[in-house]
Engineer: 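Encoded as structure tokens, here's the structure I'll be asking about.
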Protein chains: 2
Amino acid sequence: MNDKASIASLGTLSSTSRAVIRELLTSGPLPRATLARRLGLSPARLTKVTRPLLDSAVIYEDATAPNKTPGRPGTPLAVHAPRYAFAGFKITGDTLYGTRVDAEGRVQRAKSVSLESTDSSHVVDLIIDLVKELGEEQPLQAIGIGSAGTMRRYDDRVRRNQYLGWDDVPLAEILTAKTGLPTVISGDIRALTVGVQWSGPGQGHSDFAVVTIGVGIGLGMVIDDQVHAGTHGTAGMIGHTRVSEAGPLCELGHRGCASAYLNADSILAAISVPHGITDLDLDGACRLADRGDPVAQRVLSDAGRALGVLIAQVVNVLGLDTVILAGDGLVILEHLSQELNSALRDHLDPWGTVPHLETFHSDFDEWARGAAVLSCQWLLVDPPKLLAPSITHQQ
Amino acid sequence: MNDKASIASLGTLSSTSRAVIRELLTSGPLPRATLARRLGLSPARLTKVTRPLLDSAVIYEDATAPNKTPGRPGTPLAVHAPRYAFAGFKITGDTLYGTRVDAEGRVQRAKSVSLESTDSSHVVDLIIDLVKELGEEQPLQAIGIGSAGTMRRYDDRVRRNQYLGWDDVPLAEILTAKTGLPTVISGDIRALTVGVQWSGPGQGHSDFAVVTIGVGIGLGMVIDDQVHAGTHGTAGMIGHTRVSEAGPLCELGHRGCASAYLNADSILAAISVPHGITDLDLDGACRLADRGDPVAQRVLSDAGRALGVLIAQVVNVLGLDTVILAGDGLVILEHLSQELNSALRDHLDPWGTVPHLETFHSDFDEWARGAAVLSCQWLLVDPPKLLAPSITHQQ
DNA sequence: CCTTTTTATTGACATAGGAAATTATCTACG
DNA sequence: CGTAGATAATTTCCTATGTCAATAAAAAGG
């Protein structure tokens, strides 16, 4: 009949429609019957909910997959993911990484620019330029930003960012005013975790943790399908957990804390100082260890032990069976897996279960991608009140 | 008109009605307007939802509280809590503790019996007898059971209980068959945590942890208003967290683990062995420390340090601002608060916030009370499908 | 007494959802 | 090849849940 225009924003759909899309995005194409069972709806309702989504080309009927069970085969529904684009940014102390992804989290474009200053108005200008550039070919649904700090899961401002020197910058309001796009802010590790959850190795897991190593140590966690940030956004601060009473000092003067063993700078200093060398990087450290250098070997095995202890503690508290390792420091992982595993087993509670460890090799763009996926999740889970519902059901 | 009979089971109410009752039970009497705002409903809906609840005397209109703001004062609604009774049990290795509580978690009766054997059929018989006795004066809404083990939040069976030697006992099914009452099983620490959450010091907090010391170390956590149990019910297993690389051995042969410092038996052995005494209890240990006994003082301060490290780790992972200390080992707390606080501050992440520590003095009945509150929460949050809805709305 | 302010109720109406019957489309099997 | 059995999807009809706008109610302060 009346050919409705396509849906402007996924955030204006009804909660049931959004639940359908969420399920399709996180689980892949599914027939109506399966969807109905998963969402606890009747088949009748599902037909009624999906019809307007089909009419407006938010979703489509997938080619019928071959079927070996008796009975009429279901026609899988799938989201027209490429029709919906999201912009995601990661702000580090010196660089702004930006990506455009589709609803399934596939990166369509990526671009990074150096920060000339950490002044918030400068960074805002850079973000706006990048938003315009990324949105040239296709309108954007939302903007997601990840940076260090103590933001809540879906926050509207940057809180306590030590690298940028920002405290309480209402970035979402500013960007929404200047771009007209709904914007959400989150801690970078939380954004990465959402990327892992919806379109990474966390898919299909209701509970897991992401542990990142690199400049610092990060912990993101998904509990009951939700990213957990803590009351004040301070969850996952495990970088200064004491691993040993002896051991090296971290930059805060803690002896034997995790960052003193695991931060890239700590590892490099621990190797290069005794050897009197400079210009070492993690790859170089690994090569040294491969060649039998005792200092490098010891430093890396100590790092492995520290990581094992950390993971064990997280698993003991949360009772997880999946932990995903990520971060740019991951190159050292194969040199420390032995110590890691033995420390993990040694510190796990005997009544707990040994978690499945997965590695997720990722660069900085992956953090920006996570922020984009975060904005998509935000629209589909907890959309801001902006516009009137775009489609209604008729019986 | 037709004077409907009073509601048989709270579990048969609609989800909105249950949300209203939940809010009233956890926040106390509230006027309709406030209730509507908190639950995200329109005032009109609230009037319509609460009318049948008033008609059937599930709730009542409280005496109007004095009011100083302009405008018509609201009439607070309150739950007829004493009309609804729940039975809660805690099963230890040698005793069964039973309580009957009302919907607000107030204990109406309590009784405990010793187990003659840990045989499940024997324990089942004891529970059934106690259920009958507790339900004499008033019909029971549900049964809640707490025991050690790796049960999920609202489970139907006892899994891996080391003290009873049970593994996979379908206790809920058995008890429902024999008593006709909906039954829910949970880990004892989780049951205690629910008691703390709904009618204890956790009221009003969306996120907090309960740490218990006594025979063992327990950790219960509430995240986003929900008790967290982990995928396999193994969350909160922090008893064997390594606190130090030196230190005493625990019963599993871990050197310097938390139980080696904090379990009642460990503390008592550490003091009585050097002194060559027997028959020491925790009160005695405290008296020794008060009198200046260096062994007792050292053992207790070590315990305080261990507890501080444990709490810091939990807070670092979860980002909590409230931690509640409980358990029968709490008597030693004032002797170790100094070491506890310094270890806590020393091990907390500098970007985290120092949590508010509260103590909750409780006996074993409190654990049974928690199980009863758990069954109430279960009915109101996630009721089993048993009966047809008992009241309907008419426009 | 009247205005302001907030709470509570009412009735008209829209939407979300389910149950049961019906139709559609596949496999298995004689 | 045709039919029985199984499962998927739709249709029809009904109910439950919710909003909106208008109105009444109950206080405080002139």
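Each chain gets a letter, A, B and so on, in the order its sequence line appears, and its residues count up from 1. Just so you know, these numbers use all the heavy atoms, side chains as well, and skip hydrogens, waters and symmetry mates.
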Engineer: A:R51 has an atom CZ; how far is it from atom P of C:dG17, in whole Å?
Structural biologist: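 Nearest whole value for this atom pair: 16 Å.
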Engineer: Quick one: does B:K48 reach the base of D:dT19 with a side-chain donor-acceptor pair under 3.5 Å?
Structural biologist: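 When only heavy-atom distances are counted, B:K48 does reach the base of D:dT19 through a donor-acceptor pair under 3.5 Å.
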Engineer: Roughly how many Å is it from CZ in B:R45 to C1' in C:dA16, rounded to a whole number?
Structural biologist: 12 Å
Engineer: Using whole Å, what does the distance between atom P of nucleotide D:dT11 and atom CG of A:L46 come to?
Structural biologist: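 These atoms are roughly 14 Å apart.
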Engineer: Kindly point out which of D:dT10, C:dA16, C:dC26 is positioned nearest to the side chain of A:T16?
Structural biologist: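 Among the listed nucleotides, the one closest to the side chain of A:T16 is C:dA16.
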Engineer: State, to the nearest 10°, the angle formed by the axis through the first five base pairs of the helix from C:dC1-D:dG30 to C:dG30-D:dC1 and the axis through its last five.
Structural biologist: 0°
Engineer: Between the side chains of B:T12 and B:S9, is a donor N or O closer than 3.5 angstrom to an acceptor N or O?
Structural biologist: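 No donor-acceptor contact under 3.5 Å links the two side chains.
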Engineer: Identify, residue by residue, the members of residues 30-39 of chain A with a heavy atom below 4.0 Å from DNA chain C, and return them in order of residue number, or none.
Structural biologist: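 Output list: empty, so none.
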Engineer: Can you tell me how far C1' of C:dA8 sits from CG of B:L41, to the nearest Å?
Structural biologist: 15 Å
Engineer: State, without any angle test, whether B:R152 and B:T231 hold a side-chain donor-acceptor pair at a distance under 3.5 Å.
Structural biologist: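 Judged by distance alone, the side chains do not pair up.
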Engineer: Expressed in angstrom and rounded to an integer, what is the separation of A:R18 atom CZ from C:dA16 atom P?
Structural biologist: 12 Å
Engineer: Would the number of heavy atoms belonging to other residues, nucleotides or ligands and lying under 6.0 Å from CD of A:E173 be above 12?
Structural biologist: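 Open.
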Engineer: Is B:Q197 close to B:F208 at the side-chain level, that is, under 4.5 Å between some pair of heavy atoms?
Structural biologist: yes
Engineer: Choose from D:dT17, C:dA8, D:dT10 the nucleotide whose nearest atom is closest to any side-chain atom of B:T75.
Structural biologist: C:dA8
Engineer: So that I can tick it off, tell me whether B:R159 and B:D155 are bridged by a salt bridge, with the cut-off set at under 4.0 angstrom between side-chain N and carboxylate O.
Structural biologist: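 Here B:D155 pairs with B:R159 in a salt bridge, since their nearest N and O are under 4.0 Å apart.
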Engineer: Check this for me: does the side-chain of B:R72 come within 3.5 Å of the base of C:dT6 through a donor and an acceptor?
Structural biologist: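 Checked by distance alone, the answer is no.
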Engineer: Is any side-chain heavy atom of A:D224 closer than 4.5 Å to one of B:H228?
Structural biologist: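 With C-beta onward as the side chain, the pair stays apart.
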Engineer: In whole angstrom, what separates A:D55's CG from D:dT10's C1'?
Structural biologist: 14 Å
Engineer: What's the CG-P distance between B:L54 and C:dA8, to the nearest Å?
Structural biologist: 11 Å
Engineer: Return yes if a side-chain donor-acceptor contact under 3.5 Å exists between A:R38 and A:S27, otherwise no.
Structural biologist: yes
Engineer: Report yes if a side-chain nitrogen or oxygen of B:S14 is closer than 4.0 Å to either non-bridging phosphate oxygen (OP1 or OP2) of D:dA16; otherwise report no.
Structural biologist: no
Engineer: Do B:E23 and B:R18 meet the salt-bridge criterion of a basic N to acidic O distance under 4.0 Å?
Structural biologist: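 Not counted as a salt bridge, because no side-chain N and carboxylate O are separated by less than 4.0 Å.
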Engineer: Between A:D321 and B:H232, does any side-chain donor sit less than 3.5 Å from a side-chain acceptor?
Structural biologist: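 Yes, because at least one side-chain N or O of A:D321 sits under 3.5 Å from a partner of the opposite role on B:H232.
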